[in-house]
Amino acid sequence: MSVGDVLCSSFGDSALSAVTLDICFTLIILFLLCKLTHLLLRRFRLPRIISELLVGLVVGNISALEALLVSKDALIILSIWTRFGLSAYLFIVGLEMDPFHLLTPPPSWEAIIAYSGIATTALAALALRSLLDPSLTHSALASLAFAAAAANTSSPILTRLTTSLKIERSSLGRLVVSVGIIADMVSTMLMVVLAAFNVEDGSSGLGRVLFLVFESVLVYRAGPRAVKWIEDRNPAGKPLKGSHLALSCALIAVPFVLVRLTGFDLMVASFVVGLALPRDGRVSRLLIAKVNYLLSSLCFPLYLCHVGMNAKLRSLAGPFMEVGGKGAMREVPGSVWRAPMKFALLGAVGVVAKGSGPIFASLFSGLHVSEATAVGLLLMVCGHYHLFLALTAFQNKMISVNTYTVVVVFVMGTIVAVRVAVAIIVRRVRRQSATGRLMALQWTEPYDELRVVFCLHGPHNVPAAVHVIESLRGSGAGDDAAAPAPLVYAMDLIKLNERVAATMITAEEDGEEAVTVADEEVAELREQIGMGIAAYERECEGEVRVRRTIAVSELESMHEDVCNAAEELAATLIVLPFHKRIRVDGGMDASADAGFQMVNQKVLRHAPCSVAILVDRGLARVHHASASIATVAVVFIGGRDDREALAYAERIAGHPGMSVTVVRFMPDAGARMGEEDDDGGADDARVLAAIVEREAEAEADEECFAGFYERNMLGERVGYVEKRVGSGADTVAMLRALEGMYELFVVGRGARGAAAVMTSGMGDWEECPELGPIGDVIASSDFSVTASVLVVQQHCNRKGRHNSVDEDFSIL
């Protein structure tokens, strides 16, 4: 008795039949199993396709479980769902591509690498096809179709892999995504052409192809004009009008119906129409966002479960059913060796041949061996399209269950193995390319180019970002005349969730990253940020360079995106927004961006350069020609972080809109000068090391401050105030005396050596340890409602520094 029969008998006569209940039960259970499996496997950063295929394999290969969860009627629905999902998938894949890019002479290196991979894979597939499965049809069209399918690279899976590997901003990431798009487009177009000749009604295949080309060019020329007309009447930020939404649907439906009337398959028509429509604009972004979210949340989980359930792992270990004469299935005994042989043949086609062409072409283009190997490995990935072709061939009895199972397992293996192999290569390359230099403001010469990565959570961070960027311009006169304007990379931090992951697409070729997000909410947020930055650039008349980039990641690993970007861009400083926002009453609200506190703490721990956290309480815009002056206080107690804060002060002191004052805290005569005095049981070596470190820090502080005093204070560029304190309580009292006097406080994150006595006990009531004792006091709501704080940490090569951050990880 099925589940539907049990429910009907339990509740009596019901409007829902047992068949309907069976179908609903199967779909809901499979969907929930996919969600649960993905949650368990997400820590390994594998694409969702792996967890969803795994659910199908488990359900389909445990007979009792399959009989309990899956009914025959549900399998019919899953088959229909599969074709619908793949049609929508191919439409979006075509929409993300630009076929006329291939016609631009001369061919780019991306196209050459893609063509080399297609050529080597197709040749190997044609040569080894008959050995893979003797029951395969040996017609010329079938052989060419198999070659084109083998040469295909799953560009959506490739996009997810580059994002999870944190290489989407690197030249390698941009290259491999472009190559994957070209390979995917060319091989799918070849399949479309072959489908045109695969007709049984006697019509001309060449005529069908010519009509398809004519219609595609017509839509390509007329589509952008219609889309532009719709977008001009629907400005960004407002919902699309119903009539214009209907017109957009008609723009898709009319060419789709014409292609179907020509005799093409549903999926071929979907791909061709998507390929002909323009990829840019609000309408295209809306289609990509909505359809991709529908696919990833509903269609693909059920479709991939269906694919996995049809793969029978027991067929790999012994006798299996093979396609016999006239499509009949027959048992083939003693075939244990065939499964390993098929894996070897697929490996020869999908690994050796598919990777060798791109590797040699990449080497010829000038890439290093490790980079060329990574390109070849990434282009091996297979995906939804390969699985659908295998499932269609199996259902039409063109291949055996043994061959089908081998293909499914091989696709899963390539995705997992490629990610692991490329991760090892990328990690090794980054380790070898690490400069080992101290990337800090203190060690950067005034005439060197200053590169800053400024992270943004949203448009509310733009005014403070503009303040910091403008202040770093300096005076533009005197000693600073030779100093170039800072190069700023504005990085939008986007939290990765299911909706955002479903709308990740390839970015424009001239961007800093290979991947962007088509989701309307994210696109609107980025547009608002871009408008604020563009307005500032126009005011500066090109004197300040701001480049846009994006980090799309889960909060647990977002620090890797930030740190990798800083290392690749050779940045000297990373500026992070504080995780709390200012409220109308002047207080701080942590509800909106609470998860970014962990991101800030991890960046402090792993950054390859100096880091600053900006607590913004309404920083005003500063101008070179403005009469208003922004008052800045630099708190100097001692330690490398305070020396970095002093170097930052020297950078901004020359700006005519900045009034900088250094407030130096000095220990009074009665202050205890050593933390080791409390540690009577400590061994002599530890005490001696503490004394040596304290003296070294004190000497470095005096040397740094003397140079700063000579360069800035003698010329009255910077004011100076000195305070004498004997304990942490005295320091807090002195800080409170400064309340209301300054708009911005620049402080070091941690005090070391002899300076630690002046902050003793302050850490006992810290709310945010990433700000350090001084920054936490000034940023607290009971200190000030108007003073902003910039907390600076200097880059240090020594590991194990700032252990308090690690302690917070276990809590968060």
Side-chain angles (χ1 to χ4, degrees), residues 1-44 46-89 92 156-157 160 266 289-313 383-384 387-388 390-392 394-395 408 411-412 496-503 519 554:
M1 182 180 292
S2 67
V3 175
D5 294 331
V6 173
L7 292 175
C8 285
S9 61
S10 300
F11 295 100
D13 293 336
S14 172
L16 293 176
S17 65
V19 174
T20 305
L21 289 174
D22 274 337
I23 294 173
C24 293
F25 175 78
T26 299
L27 299 183
I28 292 173
I29 291 298
L30 291 178
F31 181 76
L32 293 177
L33 287 175
C34 289
K35 287 284 187 181
L36 179 61
T37 306
H38 181 63
L39 288 176
L40 295 175
L41 298 180
R42 65 184 300 179
R43 66 178 60 187
F44 301 106
L46 293 173
R48 296 176 63 98
I49 185 175
I50 297 298
S51 56
E52 290 159 358
L53 280 174
L54 191 59
V55 170
L57 284 173
V58 172
V59 172
N61 286 274
I62 301 178
S63 302
L65 192 61
E66 185 178 16
L68 175 64
L69 300 181
V70 183
S71 64
K72 294 182 179 179
D73 299 303
L75 288 176
I76 297 174
I77 297 299
L78 286 175
S79 299
I80 299 173
W81 197 259
T82 295
R83 296 191 66 82
F84 167 76
L86 259 293
S87 300
Y89 167 79
I92 294 300
I157 299 295
R160 307 298 190 275
L266 176 68
K290 300 302 182 183
V291 176
N292 264 338
Y293 184 63
L294 175 67
L295 288 174
S296 63
S297 58
L298 290 177
C299 294
F300 282 160
L302 300 176
Y303 153 61
L304 292 171
C305 281
H306 183 46
V307 170
M309 284 189 294
N310 282 278
K312 305 301 179 183
L313 297 178
H384 305 85
L387 294 172
F388 173 76
L391 179 62
T392 302
F394 172 64
Q395 291 177 335
V408 173
V411 169
M412 295 179 64
L496 183 64
N497 52 36
E498 289 188 7
R499 189 189 75 253
V500 172
T503 58
D519 180 71
E554 297 175 341

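These numbers come from a predicted model, not from an experiment.
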To the nearest 0.5 Å, tell me how far Tyr89 OH sits from Tyr303 OH. 8.5 Å
With rounding to the nearest 0.5 Å, note down the distance linking CG in Asn497 to CG in Asp519. 8.0 Å
As an exercise, state the distance from OG1 of Thr26 to CE of Met309, rounded to the nearest 0.5 Å. 8.0 Å
To the nearest 0.5 Å, tell me how far Leu30 CG sits from Phe25 CZ. 9.0 Å
Taking atom CZ of Arg48 and atom CG of Leu53, what is their separation to the nearest 0.5 Å? 12.5 Å
List in chain and number order the residues that pass side chain to side chain donor-acceptor pair (under 3.5 Å) with Lys35, two or more places apart in sequence or in another chain; answer none if no residue qualifies. Glu498
Within-4.5 Å side-chain heavy-atom neighbours: Leu391 and Leu387: no
At what distance, to the nearest 0.5 angstrom, does CG of Leu302 lie from CD1 of Ile77? 11.0 Å
His306: partners by ring-ring contact (aromatic ring centres under 6.0 Å, His included), with sequence neighbours left out: none
Who pairs with Leu266 by side-chain contact (heavy atoms from CB on, under 4.5 Å), at least two apart in sequence or on another chain? Ser87, Phe256, Arg260
Would you call Thr37 and Glu52 a side-chain contact if the rule is heavy atoms closer than 4.5 Å? no
Let me check something: any side-chain donor-acceptor pairs from residues 291-301 under 3.5 Å, sequence neighbours excluded? List them with distances.
from, atom 1, to, atom 2, distance (Å)
Asn292, ND2, Ile288, O, 3.4
Asn292, ND2, Ala502, O, 2.9
Ser296, OG, Asn292, O, 3.1
Ser296, OG, Tyr293, O, 3.3
Ser297, OG, Tyr293, O, 2.5

Can you pull out every salt bridge (Lys or Arg N to Asp or Glu O under 4.0 Å) where at least one residue sits in residues 297-309? Sequence neighbours excluded, please. none
By side-chain contact (heavy atoms from CB on, under 4.5 Å) - contacts of Leu65 (at least two apart): Val58, Val59, Ile62, Leu69
Salt bridge (Lys or Arg N to Asp or Glu O under 4.0 Å) contacts touching residues 301-313 (sequence neighbours left out): Glu66-Lys312
Of all pairs that satisfy salt bridge (Lys or Arg N to Asp or Glu O under 4.0 Å), the ones with a partner from residues 295-307, not counting sequence neighbours: none
Looking only at heavy atoms, the pair that brings Leu57 and Met412 closest together is CD1-SD, 3.5 Å
Which atoms form the tightest heavy-atom contact between Asn61 and Gly308, and what is the distance? ND2-O, 4.5 Å
